[in-house]
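Quick notes on the structure that follows.
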Amino acid sequence: MLRKSVLLISSVMIISLSSPSLAGVDAPAWDKVNSSFFSGKTLEDGPFIHIDAPKRAASGAQVPFAFSIDYPATKDDYIKSVTLVVPENPVPLTAVFHFTPDSGKVDIATRIRLEVDDYVHVVAETSDGRYFRNAVPVKASGGCGGTVGGDVNAAKKTAGQMKLAAVDPVHAGKPAQGRLMIRHPMNTGLQRDLMTQAFVQPISSRI
């Protein structure tokens with residue numbers, strides 16, 4: 001019911017699990033979300049987008065997912081945003097990350113939900129308006145509409161709590177690497193209470 005997400009920015013290279021070309025990858029499902037989120041855009045294959053994810057996750061409700069992008073981070077040439085899309089989820093748009101030239105190398109680790117076995121797509125937009133995509137298949141289910149346990153009132157009380165820690169020594173006037181942990185509700189409105197089987201209402205919070 002309450003998830004603690006971790007976003008980690010680091011310089012560790014992550015091994016890519018994807019193939020060199022995305023031709024034919026879950027075409028029907030992808031075409032549907034592509035027309036919704038990237039209409040009119042040309043998405044090029046992005047082999048420099050390296051993805052680390054389990055081929056079979058222990059739980060669809062908490063799938064570890066990480067990606068790094070080998071792309072320059074200069075004032076005039078950098079990754080502007082990254083969008084994660086899971087086409088078969090009830091809400092395919094999973095996350096959007098925004099960056100500036102000062103962000104340095106894009107390197108993110110977090111956890112996501114999967115309702116059924118699916119491809120997870122990582123779409124990177126560059127500062128000059130180009131789009132690149134890579135994807136990996138992950139086997140997992142029940143993450144969006146499965147049953148959940150826990151104390152709703154306790155979740156409400158701790159929602160929004162954050163903890164920020166520096167990964168390396170911090171120097172004034174220079175970008176620093178950090179680890180941000182956030183406690184936030186992850187009820188989708190599609191899940192059922194483990195005991196009563198009633199739908200669990202989402203908890204409103206701003207983070």
Side-chain angles (χ1 to χ4, degrees), residues 3-22 25 30 33-53 63-87 89 91-113 119-136 138 160-184 186 205-207:
R3 179 185 300 177
K4 184 182 290 184
S5 289
V6 179
L7 303 185
L8 176 62
I9 301 175
S10 68
S11 59
V12 177
M13 178 64 71
I14 296 177
I15 299 174
S16 174
L17 300 178
S18 58
S19 61
S21 176
L22 291 175
V25 170
W30 170 250
V33 298
N34 184 27
S35 62
S36 298
F37 299 121
F38 307 105
S39 179
K41 309 297 183 183
T42 298
L43 273 63
E44 307 173 51
D45 283 359
F48 51 83
I49 301 174
H50 305 285
I51 302 173
D52 185 13
V63 179
F65 192 85
F67 62 90
S68 64
I69 302 179
D70 289 336
Y71 196 85
T74 66
K75 180 180 179 180
D76 299 317
D77 192 14
Y78 62 95
I79 296 296
K80 181 179 178 181
S81 68
V82 175
T83 302
L84 303 188
V85 179
V86 182
N89 274 0
V91 180
L93 183 61
T94 301
V96 181
F97 302 91
H98 299 277
F99 304 94
T100 72
D102 292 332
S103 299
K105 179 182 177 179
V106 173
D107 198 337
I108 296 291
T110 186
R111 287 176 291 178
I112 62 176
R113 291 181 182 271
Y119 277 84
V120 182
H121 300 259
V122 180
V123 180
E125 178 189 4
T126 65
S127 54
D128 60 357
R130 298 177 68 186
Y131 288 79
F132 295 91
R133 174 174 67 114
N134 211 343
V136 294
V138 178
Q161 291 182 356
M162 302 184 191
K163 181 184 293 185
L164 178 63
V167 174
D168 297 315
V170 177
H171 301 285
K174 295 183 179 180
Q177 296 180 344
R179 180 183 290 109
L180 176 63
M181 303 180 71
I182 308 171
R183 296 180 63 87
H184 60 97
M186 290 300 294
S205 66
R206 293 180 179 231
I207 299 177

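Throughout, residue positions are numbered sequentially from 1 according to the sequence presented.
- Note that CG of Asp102 and NZ of Lys174 are 13.0 Å apart. Values are rounded to the nearest 0.5 Å.
- Here the side chains of Val106 and Tyr71 are not in contact, with every heavy-atom distance at 4.5 Å or above.
- For Tyr78, there are no ring pair (Phe, Tyr, Trp, His ring centres under 6.0 Å) partners two or more places apart in sequence or in a different chain.
- A distance of 7.5 Å separates CG of Asn89 from CD1 of Ile112, quoted to the nearest 0.5 Å.
- With no hydrogens or angles considered, a side-chain donor-acceptor pair links Asp128 and Thr126 at under 3.5 Å.
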For residues 33-42, run the donor-acceptor check on the side chains, cut-off 3.5 Å, and write out each pair with its distance to 0.1 Å, sequence neighbours left out.
{"unit_1": "Ser35", "atom_1": "OG", "unit_2": "Asp31", "atom_2": "O", "d": "3.3"}
{"unit_1": "Ser35", "atom_1": "OG", "unit_2": "Lys32", "atom_2": "O", "d": "2.8"}
{"unit_1": "Ser36", "atom_1": "OG", "unit_2": "Lys32", "atom_2": "O", "d": "3.2"}

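- Distance check, rounded to the nearest 0.5 Å: CE of Met181 to CZ of Arg179 gives 8.0 Å.
- For the pair Asp70 and Lys105, the salt-bridge criterion is met [side-chain N within less than 4.0 Å of a carboxylate O].
- Under the side chain to side chain contact (heavy atoms under 4.5 Å, CB included) rule, Phe67 has a single partner from Val122, Asn134, Asp107, which is Val122.
- Ring orientation note: the planes of Phe48 and Phe132 are nearly perpendicular, at an angle over 60° on the 30°/60° scale.
- Counting only heavy atoms from C-beta outward, the side chains of Pro101 and Thr74 never approach each other to under 4.5 Å.
- If you take CD on Glu44 and CZ on Arg133, they are separated by 12.0 Å, rounding to the nearest 0.5 Å.
- Between the NE2 atom in His50 and the CD1 atom in Ile69 there is a gap of 9.0 Å [rounded to 0.5 Å].
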Worked verdict on Phe65 versus Thr94 for side-chain contact (heavy atoms from CB on, under 4.5 Å): CA-CA 12 Å; Phe65 192 85; Thr94 301; over 6 Å; no
Could you give me the CA-CA distance, side-chain angles and deciding distance for Glu125 and Val123, then say whether side-chain contact (heavy atoms from CB on, under 4.5 Å) is met? CA-CA 7 Å; Glu125 178 189 4; Val123 180; over 6 Å; no
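- Note that CG of Leu43 is 5.5 Å distant from CH2 of Trp30, once rounded to the nearest 0.5 Å.
- Residues Val136 and Ala53 share a closest heavy-atom pair of CG2-CB, 4.2 Å.
- Among all heavy-atom pairs drawn from Ile49 and Ala124, the shortest one is CD1-CB, 4.0 Å.
- Taking every heavy atom of both residues into account, Pro92 and Pro87 meet most closely at CG-O, 3.8 Å.
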